[in-house]
Amino acid sequence: MNDIKVYALSTCIHCRNAKKYLDECGVKYECVHVDELTGDERKKIVQEVKERNPAVSFPTIVIKDKVIVGFHKDQIDKALKED
Amino acid sequence: MDAGQLYEMLKKVQEPKGYHFNADMDMTMPLLESLLTNKERFGYMACPCRLANGDYEADKDILCPCVYREEDVKEYGACFCALYVSKEFNEGTIEKRVVPERRPPEKILF
């Protein structure tokens with residue numbers, strides 16, 4: 001359950017709801033607020049998001065090797081079960 | 001200005017155009033607050049659900065209401081953030097789906 005990464009924006013409601021849902025699921029995850037990054041760090045993370053989700057939209061949630069674009073409860077449930 | 005005042009102000013302008021605020025206030029109010037956050041951050045109300053460049057010219061397409069709203073509301077009944085929705089969306093007569101990103105990723109400058 002430790003390999004969950006959430007690329008989010010601090011101002012985005014779908015990101016907020018997705019994180020809330022992951023909290024409710026009781027899982028631990030690493031969250032990066034991309035809008036709060038600057039310079040090289042931002043560049044690096046945007047590139048990382050692009051590789052996983054070419055649309056560079058948020059939230060981009062990575063659970064193990066599954067990439068979930070947008071807040072989809074069903075896809076999160078499925079990916080967590082496959083853990 | 002607070003989110004409540006912004007709500008009243010925009011409602012008057014947008015509703016006659018057929019764009020309604022999402023009736024789910026747990027979505028709408030935080031989104032309006034985020035618009036005000038972005039106004040403070042950048043000087044303009046960039047879409048809260050997109051990665052803004054912080055440059056007015058480069059973010060012109062995502063100034064709320066963004067240029068993608070029309071097509072998204074037409075196709076999905078909601079804009080990308082789901083701040084603006086159609087009457088049918090609020091009435092629950094259309095399926096609520098996650099709106100995919102329409103903005104080309106090239107618009108995000110590194």
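Chain identifiers are assigned alphabetically (A, B, ...) following the order of the sequence lines, protein sequences preceding nucleic acid strands; residue numbering begins at 1 within each chain. Worth saying up front: this structure is predicted, and the values here are computed from it rather than measured.
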Measuring heavy-atom distances to chain B, does N53(A) have an atom under 4.5 Å in its side chain, in its backbone, in both, or in neither?
-> neither

Which atom of L51(B) lies closest to which atom of V34(A), heavy atoms considered = CD2-CG1, 3.9 Å

Which of T37(B), L31(B), D26(B) touches chain A most, by non-hydrogen pairs under 4.5 Å = L31(B)

D2(B) atom CG, neighbour heavy-atom count above 12 within 6.0 Å = yes

Side chain to side chain contact (heavy atoms under 4.5 Å, CB included) between V56(A) and R103(B), worked out = CA-CA 9 Å; V56(A) 196; R103(B) 186 190 203 206; over 6 Å; no

Below 4.5 Å from any heavy atom of chain A, which atoms of L83(B) appear? Answer side chain, backbone, both or neither.
-> neither

The interface call for L9(A) against chain B, heavy-atom contacts under 4.5 Å, is side chain

Gap between atom SG of C81(B) and atom CD1 of I13(A) - 0.5 Å precision = 9.5 Å

Side chain, backbone, both or neither of P59(A) within contact of chain B (heavy atoms, under 4.5 Å) | neither

Using modelled atom types only, decide if a donor and an acceptor are shared between the side chain of H14(A) and the backbone of F80(B) within a distance under 3.5 Å.
-> yes

Is the count of non-hydrogen atoms from other residues, nucleotides or ligands lying under 6.0 Å from K43(A) atom NZ greater than 12?
-> no

Heavy-atom nearest pair, A55(A) first then P105(B), reads O-CB, 4.0 Å

Pair R41(B), S10(A): side-chain N/O donor-acceptor within cut-off below 3.5 Å | yes

When rounded to the nearest 0.5 Å, the distance separating OG1 of T60(A) from CD of E101(B) is 10.0 Å

Rounded to the nearest 0.5 Å, the CZ atom of R16(A) sits from the CE atom of M27(B) at a distance of 10.5 Å

